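Reviewing the structure listed below.
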Amino acid sequence: MNTVMINDSTQLQKAALILQDGGLVACPTETVYGLCANALNEEAVTGIFKAKGRPNDNPLIIHIANLDMLTPLVQSIPLHAQMLIEHFWPGPLTLIFKATDKVPQSVRAGLPTVAIRFPSHPVIQSLITLSGLPLAAPSANTSGKPSPTNALRVKEDLYGKIDAIIDGGSASVGLESTVVDVSCDIPTILRPGGITKAMLESVVGTVHVDPALICKDEALVPKAPGMKYTHYSPNAAVIIVTGNFSAVCEEINKRLSYHLENGEKAGVLATDETKHLFNTPYSISLGSEKCLDEIATNLFEALRHCDDLDIDVVYTLGFKKEGIGEAIMNRLEKSAGFNIIHKDI
Ligand code: TXA
Ligand code: MG
């Protein structure tokens, strides 16, 4: 398939026509790039699953650009959902509602619910408005890979498999939206993201967290089907090392020399403040440890950069599970397949 590269906002009309014809367009959002199709066209939606190699039991988020688009897709808008909408839309928050029959089965993977997001990025908003369509859009990566935060990474995964890629620069948040189930009595976080639990609670009071996100008990199935898959993985093995900082550095450096002796390329995901402490030419900074937002923005690009460098194994420092640190560690733990070493002295 010929993939058109679109670098200019005057060409968005072309992308809107592709979507109206049932085609697939990758597009920037404020979180990560999305792979868009007409959410109401089963065949177009099936194309998304095929291009990404995505398991078809993993439902998609529908993106809208005004609240009138929400009403036909959901059975009701509970009060707590209304309050969250007023505070956080447009923005990096996805809400799960009871779906109407208008939402195709393929979009919601047969579930009675549907995920909806009103993104704040002007390019996807224009695309929705110009096409006049609600757009189903997962992250625009091959299933299992780290989500793309720029058009070049989308091209790496999907060039030749989709109709167009819109280049709108780098995504600012860098991690996918927070997913909150509002179809139940107490709003429940199914995937942590840039809108944190504390931010949600400041608006609606108590917010629950899906127990499967906290407890590693395999018997607990996450309520967001996508959270059960291995994810965000570069080709390199990812290992998280947490605990007492000097013990962590010592452990990582011991392991780095072992890999070096065995002819393996071993890297570290560190911070501006700690990058120089590791004995490898592949010590990559995720940003300043004083700014977790910066670490979130750079995380997926850094994981993909490990593959550019052909790294075999990458060690990463842990971050405090506070605020957006919760989402950073959720993505890191999944990319590491929960391969975590704890060093206490
Ligand atoms: O920031 C984002 O959310 C990005 C951009 C492109 O908007 N999209 C994104 O989509 O991350 P995706 O498909 O990679 O992740 C959607 C997550 C999956 O974990 C999926 O299982 C969950 O949302 N999800 C979708 N519909 C659901 C539903 N009805 N019930 C529970 N979880 C649902
Ligand atoms: Mg994804």
Side-chain angles (χ1 to χ4, degrees), residues 24-37 39 45 48-49 51-65 73-75 88-100 103-121 123-125 127-128 134-149 153-154 157-158 166 168 171-184 188-195 210 212-213 221-233 296 300 327 330-331 334-335:
L24 304 182
V25 176
C27 167
T29 86
E30 71 278 21
T31 56
V32 299
Y33 273 64
L35 176 58
C36 306
V45 169
I48 291 182
F49 285 88
K52 278 181 61 96
R54 180 182 176 103
N56 56 13
D57 67 346
N58 190 7
L60 305 177
I61 298 170
I62 297 185
H63 296 68
I64 58 172
L73 304 173
V74 304
Q75 285 187 21
F88 299 112
W89 277 6
L93 176 67
T94 295
L95 298 176
I96 309 281
F97 297 90
K98 292 197 176 96
T100 60
V103 181
Q105 291 294 329
S106 55
V107 172
R108 49 184 157 126
L111 293 173
T113 52
V114 60
I116 315 267
R117 177 158 110 80
F118 185 160
S120 63
H121 197 289
V123 172
I124 187 162
Q125 282 190 3
L127 203 56
I128 297 167
L135 298 178
S139 48
N141 51 286
T142 300
S143 224
K145 289 271 162 215
S147 301
T149 51
R153 298 304 186 185
V154 177
D157 282 13
L158 298 176
I166 303 172
S172 56
V173 180
L175 299 181
E176 306 87 344
S177 61
T178 306
V179 178
V180 177
D181 188 352
V182 287
S183 72
C184 42
T188 304
I189 298 176
L190 307 189
R191 179 177 72 180
I195 307 283
D210 181 1
L213 291 184
V221 178
K223 277 186 77 191
M227 299 301 282
K228 72 174 182 274
Y229 298 109
T230 311
H231 248 94
Y232 317 118
S233 311
F300 287 146
N330 168 269
R331 306 309 191 273
K334 288 182 79 62
S335 86

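All values derive from a computational prediction rather than experimental measurement. Side chains are part of it too, since the values below use all heavy atoms of this structure and drop only hydrogens, waters and symmetry mates. Counting starts at 1 for both ligands and their atoms, following the listed order.
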For atom 32 (N) of ligand 1, what is the nearest protein heavy atom, given as residue, atom name and distance? Ala224 CA, 3.4 Å
I want to confirm something. Looking only at heavy atoms, which of Ala115, Gly193, Ala109, Ser177 is nearest to atom 2 (C) of ligand 1? Ser177
What protein heavy atom sits nearest atom 28 (C) of ligand 1, and how far away is it? Ile96 CD1, 3.6 Å
At a 4.0 Å cut-off, with the gap strictly under it, does some heavy atom of Arg191 reach an atom of ligand 1? yes
Do Arg191 and Ser177 make a side-chain contact, defined as non-hydrogen atoms from C-beta onward lying under 4.5 Å apart? yes
Considering only the protein, which heavy-atom contact is closest to atom 23 (O) of ligand 1, and what is its distance? Val179 CG2, 4.1 Å
Identify the closest protein heavy atom to atom 31 (C) of ligand 1: which residue and atom is it, and at what distance? Lys223 O, 3.4 Å
Side chains of Met227 and Leu190: does their closest heavy-atom pair fall under 4.5 Å? no
Sequence neighbours excluded, which residues qualify as side-chain contact (heavy atoms from CB on, under 4.5 Å) partners of Thr113? Ile96, Leu111, Ser183
Taking the side chain as C-beta and beyond, is there a heavy-atom pair between Lys52 and Pro138 under 4.5 Å? yes
Mark up the atoms of ligand 1 that fall under 4.0 Å of a heavy atom belonging to Ile61, in ascending order. 3 (O), 8 (N), 9 (C), 10 (O), 16 (C)
Run the contact test for Pro225 against ligand 1 with a 4.0 Å cut-off on heavy atoms, strictly below, and give the result. yes
Is there a side-chain contact between Leu60 and Phe49 in this structure, where contact means two heavy atoms from C-beta onward sitting under 4.5 Å apart? yes
How about Leu95 and Phe88: do any of their side-chain heavy atoms sit closer than 4.5 Å? no
Atom 6 (C) of ligand 1 - nearest protein heavy atom and its distance: Gly34 CA, 3.5 Å
Run through the protein N/O/S atoms less than 2.8 Å from the Mg ion (ligand 2) and write them out by chain and number. Ser139 OG
Using side-chain contact (heavy atoms from CB on, under 4.5 Å) as the criterion, list what pairs up with Pro90, not counting sequence neighbours. Phe118, Ser120, Gln125
Starting from atom 7 (O) of ligand 1, find the nearest protein heavy-atom neighbour and note its residue, name and distance. His63 NE2, 2.7 Å
Atom 20 (C) of ligand 1: closest protein heavy atom, distance to 0.1 Å, is Asn58 OD1, 3.2 Å
Kindly give the heavy-atom pair with the smallest separation between Ala136 and Ala39, and that separation in Å. N-CB, 3.6 Å
Thinking salt bridges, do Glu176 and Arg117 make one under a 4.0 Å N-O criterion? no
Going by heavy atoms in the side chains, are Thr31 and Pro119 under 4.5 Å from each other? no
Results of salt bridge (charged side-chain N to carboxylate O under 4.0 Å, His left out) for Lys145 - residues two or more places apart only: Asp307
Counting only heavy atoms from other residues, nucleotides and ligands, does the tally under 6.0 Å from NZ of Lys98 exceed 12? no
For atom 27 (C) of ligand 1, which candidate among Ala140, Gly226, Pro59, Cys36 provides the closest heavy atom? Pro59
Heavy-atom side-chain proximity of Leu213 to Pro222 below 4.5 angstrom: no
Non-hydrogen atoms of Gly174 and Thr149 that approach each other most closely: O-CG2, 3.7 Å
Going by the atom numbers of ligand 1, which of them fall below 4.0 Å from some non-hydrogen atom of Leu111? 28 (C), 29 (N), 30 (N)
Which one holds for Arg54 and ligand 1: side chain close, backbone close, both close, or neither close, with close meaning a heavy atom under 4.0 Å? side chain
Is any side-chain heavy atom of Val179 less than 4.5 Å from a side-chain heavy atom of Lys223? no
Heavy-atom proximity to atom 9 (C) of ligand 1, picking from Cys27, Ser139, Ala171, points to Ser139
In terms of atom number and element, which parts of ligand 1 are under 4.0 angstrom from non-hydrogen atoms of Pro138? 6 (C), 10 (O), 12 (P), 13 (O)
Nearest non-hydrogen protein atom to atom 29 (N) of ligand 1, with distance, is Thr113 OG1, 3.1 Å
Ligand 1 N/O within reach of Thr31 N/O, cut-off under 3.5 Å: yes
